[in-house]
Amino acid sequence: MTQEPVSLAHALASFSEQWSPRIVTAVNDYDVRVAKVEGEHVWHVHDHTDEFFLVLEGELHIALREPSGERTVVLPKGSVFTVPRGTEHKPNASVPTEILLFEPTGTLTVGDHHDEIPAHVDATTGHALT
């Protein structure tokens with residue numbers, strides 16, 4: 001990781017792929033990732049880690065399957081939300097949206113268990129910024 005400041009605007013301008021996060025820095029054993037998203041992701045679950053979302057631009061919806069039933073949280077620009085470990089969830093955005101994610105290094109974007117992965121979703125542990 002670089003020891004120089006990283007502009008999130010420049011980082012986000014450096015790629016166009018949807019649902020394909022870039023690692024902008026690391027904190028201890030966690031990656032800080034940015035991603036451009038639009039459309040639906042995939043139902044998935046992370047067995048051993050929470051997943052933190054910050055909406056930088058646009059609006060993100062996260063469908064959740066919880067013991068009490070299904071619900072959707074709506075995150076407008078500037079909002080944060082943490083999906084607890086073990087909670088099946090499916091992010092989606094009806095408008096172009098930019099997000100920041102905070103999760104342990106090596107965490108797969110499609111979790112430990114997931115539905116079939118559509119072609120527009122990148123199953124990755126994050127890409128380095130170029």
Side-chain angles (χ1 to χ4, degrees):
M1 282 295 138
T2 180
Q3 292 297 314
E4 297 298 324
V6 175
S7 161
L8 294 181
H10 287 124
L12 285 157
S14 73
F15 65 98
S16 59
E17 296 85 3
Q18 299 287 321
W19 302 107
S20 183
R22 300 305 192 266
I23 300 168
V24 294
T25 192
V27 178
N28 297 318
D29 298 328
Y30 284 76
D31 287 342
V32 179
R33 305 172 184 175
V34 293
K36 295 179 178 184
V37 301
E38 187 173 11
E40 295 189 349
H41 195 265
V42 60
W43 279 105
H44 67 285
V45 63
H46 301 278
D47 290 336
H48 305 289
T49 186
D50 301 335
E51 188 170 18
F52 172 88
F53 293 86
L54 164 63
V55 177
L56 302 169
E57 194 64 52
E59 183 176 272
L60 185 69
H61 296 223
I62 304 175
L64 304 162
R65 290 181 176 155
E66 300 172 312
S68 59
E70 282 192 24
R71 70 179 175 119
T72 299
V73 295
V74 178
L75 288 78
K77 178 180 177 179
S79 296
V80 299
F81 184 76
T82 300
V83 175
R85 72 192 69 200
T87 301
E88 193 173 12
H89 59 288
K90 181 179 184 179
N92 71 81
S94 58
V95 298
T97 298
E98 297 174 346
I99 60 175
L100 182 141
L101 303 156
F102 187 72
E103 52 199 348
T105 299
T107 300
L108 195 59
T109 57
V110 293
D112 300 304
H113 312 283
H114 52 78
D115 284 350
E116 185 174 334
I117 302 170
H120 70 277
V121 172
D122 184 8
T124 179
T125 57
H127 299 283
L129 275 179
T130 55

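The chain is numbered in sequence order, starting from 1.
In this structure, the side chains of V32 and V6 stay at 4.5 Å or more apart for every pair of heavy atoms. Within the 4.5 Å cutoff, the side chain of F53 has no heavy atoms near those of the V73 side chain.
For H113 and H44, the gap between ring centers reaches or exceeds 6.0 Å.
The main-chain N or O of T125 is found under 3.5 Å from a side-chain atom of R33 such that the two form a donor-acceptor pair. With hydrogens and angles disregarded, a donor-acceptor distance shorter than 3.5 Å links the side chain of W19 to the backbone of E38.
Classification of K36 and E57 as a salt-bridged pair fails, no side-chain N sitting under 4.0 Å from a carboxylate O.
Considering every non-hydrogen atom in both E116 and V42, the closest pair reads O-CG2, 3.5 Å. Smallest separation of non-hydrogen atoms from V95 and G58: CG2-CA, 4.3 Å. When every heavy atom of A93 is checked against every heavy atom of T97, the shortest pair comes out as CB-OG1, 3.6 Å. Residues S20 and D122 come closest through the heavy atom pair OG-OD2, 2.7 Å.
By the ring pair (Phe, Tyr, Trp, His ring centres under 6.0 Å) test, F102 pairs with Y30, sequence neighbours left out. Residues forming a side-chain hydrogen bond (donor to acceptor under 3.5 Å, both in side chains) with H10 (at least two apart in sequence, or on another chain): S7. By the side-chain contact (heavy atoms from CB on, under 4.5 Å) test, T82 pairs with D50, F52, sequence neighbours left out.
Using modelled atom types, one finds no donor on one side chain facing an acceptor on the other under 3.5 Å when comparing H127 with E17. A donor atom on one side chain and an acceptor atom on the other are not found under 3.5 Å apart for D29 and T105.
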